[in-house]
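Remarks on the structure that follows.
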Amino acid sequence: MENSVIVIGAGPAGLTAAAFAAARGLQVTVYDKNAVPGRKLRITGKGRCNVTNACTLVSDLMENIPGSGRFLYSAFSRFMPSDVIELFEFLGVPLKIERGNRVFPVSDNAHDIADALTKYARGCGAEIITETAVKSLVIRDGAVCGVKTADGKTREAAAVIVATGGVSYPGTGSTGDGYRFAKAAGHTVTPLRPSLVGMETEAAVWRKAQGLTLKNAAVTVYRADNRKEVYRDFGELLFTHFGVSGPVILSASAHLRDIGTQKYILRIDLKPALDDKKLDARILREIAAGPAKNPANMLRTLLPASMVPVIMELWDVPPGSQVNKLTREQRQTLVYLLKNLESPITGLRPIEEAIVTAGGVSVKEIDPKTMQSKLVRGLYFAGEVIDADAYTGGFNLQIAFSTGAAAGRAVLDS
Ligand SMILES: Cc1cc2nc3c(=O)[nH]c(=O)nc-3n(C[C@H](O)[C@H](O)[C@H](O)COP(=O)(O)OP(=O)(O)OC[C@H]3O[C@@H](n4cnc5c(N)ncnc54)[C@H](O)[C@@H]3O)c2cc1C
């Protein structure tokens, strides 16, 4: 009993914590409500799992964590991306590095990562009990002494690590139970917000392009009040029934932390490879090649078909006119529209659709070296349940691994 640890949640944070604690000779039991460990891990990176980011400095990691980077300094320093890479290669999962230092398994199969981590935790001696949900923590005299499971049983332990994840993609098991446990233990849970999520946009005309994917759009987000730019990047963008999504939009969303109080505008450059002058020259070439075409037909040579009605609605030219009759001003308006398609952002999509949950158990109440609660003895937190989230690129899983390792190394170490 005095060396027994319960881990709630068999995600990347819980499995890492369990492996590290069990490797120290502690008696570790992991409970997960799902039938299979690492359910969310198995769908990460579109099924390929961007397992970490091969950056080498702690400062690089911290730059990708808005808000709680400093809290993670110690956990990162002691379990870096190089340690994650070494661990998986040691576990027989060769890895490769792609654009932006993103690390993936060579197999492009997230199951390889989840299976290896599960096997590692078991190999270190942890017992993983699936299809068993924890209902509450048992706390006595300021110390945790076990958990109650859904079957009504009390399971005793000298320490408990809460690694229940956030509230995003609840179908994977992360339904926010850890926040409830933390609150009941007296912890502060900072407001939960969606991050890495689609954006709802005001411009109704964009809906005409619903379903269209732009492989390489240039995206800028700026504040409506002072036009200060908060995000700019290239990437894949998808027009949807609610607005926009796709990798570049998800990344941008992490920068809109005050969207409830602040207004933002999204600008899309549909022709990022051409500056205004070159784009005008290109339009002139298209006009010369088909002078009798109407504007929509000419646009079809420049844009994906479903973008044409969007631009036609915004570009104030008679649909039946001939393109060789366009004025210089009308051409300039077209150049402007193609490079500055703009809409106010009316909000982010719901947290359930977000890749990560921002907010969570306040880092002020957790010891950054050990992940132990400062309020309840023997209680630890690891992973997304903590108020720490990152941009895309493998950083969120690195948070899970580093905080899991910190908790697993420190639990019952006194
Ligand atoms: C679609 C998608 C793609 C992603 N891709 C990437 C990527 O490529 N790279 C990256 O870095 N990050 C990615 N992320 C984010 C990353 O998956 C999470 O940040 C990470 O899984 C968090 O790990 P965790 O262990 O804290 O929580 P989770 O992985 O959510 O694990 C928590 C576990 O706790 C269990 N649990 C919860 N409550 C209870 C309870 N009461 N009793 C028992 N068990 C319980 C759940 O069943 C779950 O298995 C992605 C997320 C999503 C949704």
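Read the numbers this way: they start at 1 and go in the same order the structure lists the ligands and their atoms.
- Of the protein's non-hydrogen atoms, the one nearest atom 25 (O) of ligand 1 is Ala13 N, 2.9 Å.
- A donor-acceptor pair shorter than 3.5 Å cannot be found between the side chains of Asp177 and Thr164.
- In the candidate list Leu15, Leu41, Val134, Val134 is nearest to atom 42 (N) of ligand 1, counting heavy atoms.
- Close approach to Gly11 involves these atoms of ligand 1, each under 4.0 Å from a residue heavy atom: 25 (O), 29 (O), 31 (O), 33 (C).
- Using a 4.0 Å heavy-atom cutoff, Thr172 is listed among the residues neighbouring ligand 1.
- Geometrically, ligand 1 and Thr44 share no nitrogen or oxygen pair separated by less than 3.5 Å.
- Glu384 and Ser174 share no donor-acceptor pair across their side chains, judged by distance under 3.5 Å alone.
- Taking the ring centroids of His255 and Tyr391, they lie under the 6.0 Å cut-off.
- Scanning the protein for heavy atoms near atom 27 (O) of ligand 1, the closest one is Gly165 CA, 3.3 Å.
- Each of the following atoms of ligand 1 lies closer than 4.0 Å to a heavy atom of Glu384: 18 (C), 19 (O), 20 (C), 22 (C), 26 (O).
- By the 3.5 Å distance cut-off applied to N or O atoms, Arg39 is not counted among the residues near ligand 1.
- Taking any N or O of Thr175, backbone or side chain, none lies under 3.5 Å from an N or O belonging to ligand 1.
- Atom 50 (C) of ligand 1 has Ile355 CG2, 3.3 Å as its closest protein atom, hydrogens excluded (heavy atom only).
- At the top of the distance list for atom 39 (C) of ligand 1, counting protein heavy atoms only, stands Lys33 CE, 3.5 Å.
- Taking 4.5 Å as the limit, every side-chain heavy atom of Glu86 sits out of range of all side-chain heavy atoms of Glu89.
- Looking at Tyr169 against ligand 1, only its side chain comes within 4.0 Å, counting heavy atoms.
- Numbered from 1 in the order shown, with element, the atoms of ligand 1 that lie under 4.0 Å from a heavy atom of Asn34 read 47 (O), 49 (O).
- Atom numbering of ligand 1 starts at 1 in the shown order; those under 4.0 Å from a heavy atom of Val356 are 15 (C), 19 (O).
- In this structure, atom 9 (N) of ligand 1 lies nearest to the protein heavy atom Asn50 O, 3.0 Å.
- Between Gly38 and ligand 1, a contact under 3.5 Å exists for no N or O pair.
- Each of the following atoms of ligand 1 lies closer than 4.0 Å to a heavy atom of Ala133: 42 (N), 43 (C).
- For Phe401, the ring-ring contact (aromatic ring centres under 6.0 Å, His included) partners two or more places apart in sequence, or in a different chain, are Phe88.
- Of the N or O atoms in Gly45, one or more lie within a sub-3.5 Å distance of an N or O in ligand 1.
- A cation-pi contact links Arg349 to Phe242, judged by a cut-off of 6.0 Å to the six-membered ring centre and 45° from its axis.
- Looking only at atom types and distance, the side chain of Ser251 has a donor-acceptor partner in the side chain of Thr392 under 3.5 Å away.
- Judged by the 6.0 Å and 45° rule, Arg48 forms a cation-pi pair with Phe104.
- By the 3.5 Å distance cut-off applied to N or O atoms, Leu397 is counted among the residues near ligand 1.
- Annotation: His187 is in aromatic contact with Phe381 [ring centroid separation under 6.0 Å].
- With 3.5 Å as the limit, one finds a donor-acceptor pair spanning the side chains of Ser168 and Thr357.
- Remark: aromatic rings of Tyr120 and Phe90 are distant, center separation not under 6.0 Å.
- Partner of Leu334 under the side chain to side chain contact (heavy atoms under 4.5 Å, CB included) criterion, chosen from Leu299, Leu314, Val317: Leu299.
- In terms of polar-atom proximity, defined here as any N/O pair under 3.5 Å, Val385 makes no such contact with ligand 1.
- In summary, the atoms of ligand 1 found under 4.0 Å from a heavy atom of Thr132, numbered by their order in the structure, are 43 (C).
- The proximity of Asn396 to ligand 1, defined as any non-hydrogen pair under 4.0 Å, involves the side chain as well as the backbone.
- Between Lys374 and Asp367, no side-chain nitrogen of the basic residue sits less than 4.0 Å from a carboxylate oxygen of the acidic one, so the salt-bridge criterion is not met.
- Side chain of Lys40 to backbone of Tyr169: no donor-acceptor contact under 3.5 angstrom is found.
- Using a 4.5 Å heavy-atom cutoff, the side chains of Leu337 and Glu342 are not in contact.
- For atom 48 (C) of ligand 1, the nearest non-hydrogen atom from the set Val162, Asp32, Thr16 comes from Asp32.
- Counting atoms of ligand 1 from 1 in the listed order, those under 4.0 Å from a heavy atom of Ala163 are 32 (C), 33 (C), 34 (O).
- In the model, Glu286 has a side-chain atom that pairs as donor or acceptor with a side-chain atom of Thr301 under 3.5 Å.
- With respect to atom 34 (O) of ligand 1, the closest heavy atom belonging to the protein is Gly9 CA, 3.2 Å.
- Taking each of Ala382, Ala110, Pro12 in turn, the one with a heavy atom nearest to atom 23 (O) of ligand 1 proves to be Pro12.
- Taking distance alone, with nitrogen or oxygen atoms compared against 3.5 Å, Gln398 stays at or beyond that limit from ligand 1.
- The nearest protein atom to atom 41 (N) of ligand 1, hydrogens excluded, is given as Asp177 OD2, 2.7 Å; this is a heavy-atom distance.
- Every atom of ligand 1 is numbered from 1 in the order shown, and the set under 4.0 Å from a heavy atom of Gly173 is 36 (N), 37 (C), 38 (N), 46 (C), 47 (O).
- Inter-residue side-chain proximity for Glu229 and Thr220 is flagged as met; some heavy-atom pair is nearer than 4.5 Å.
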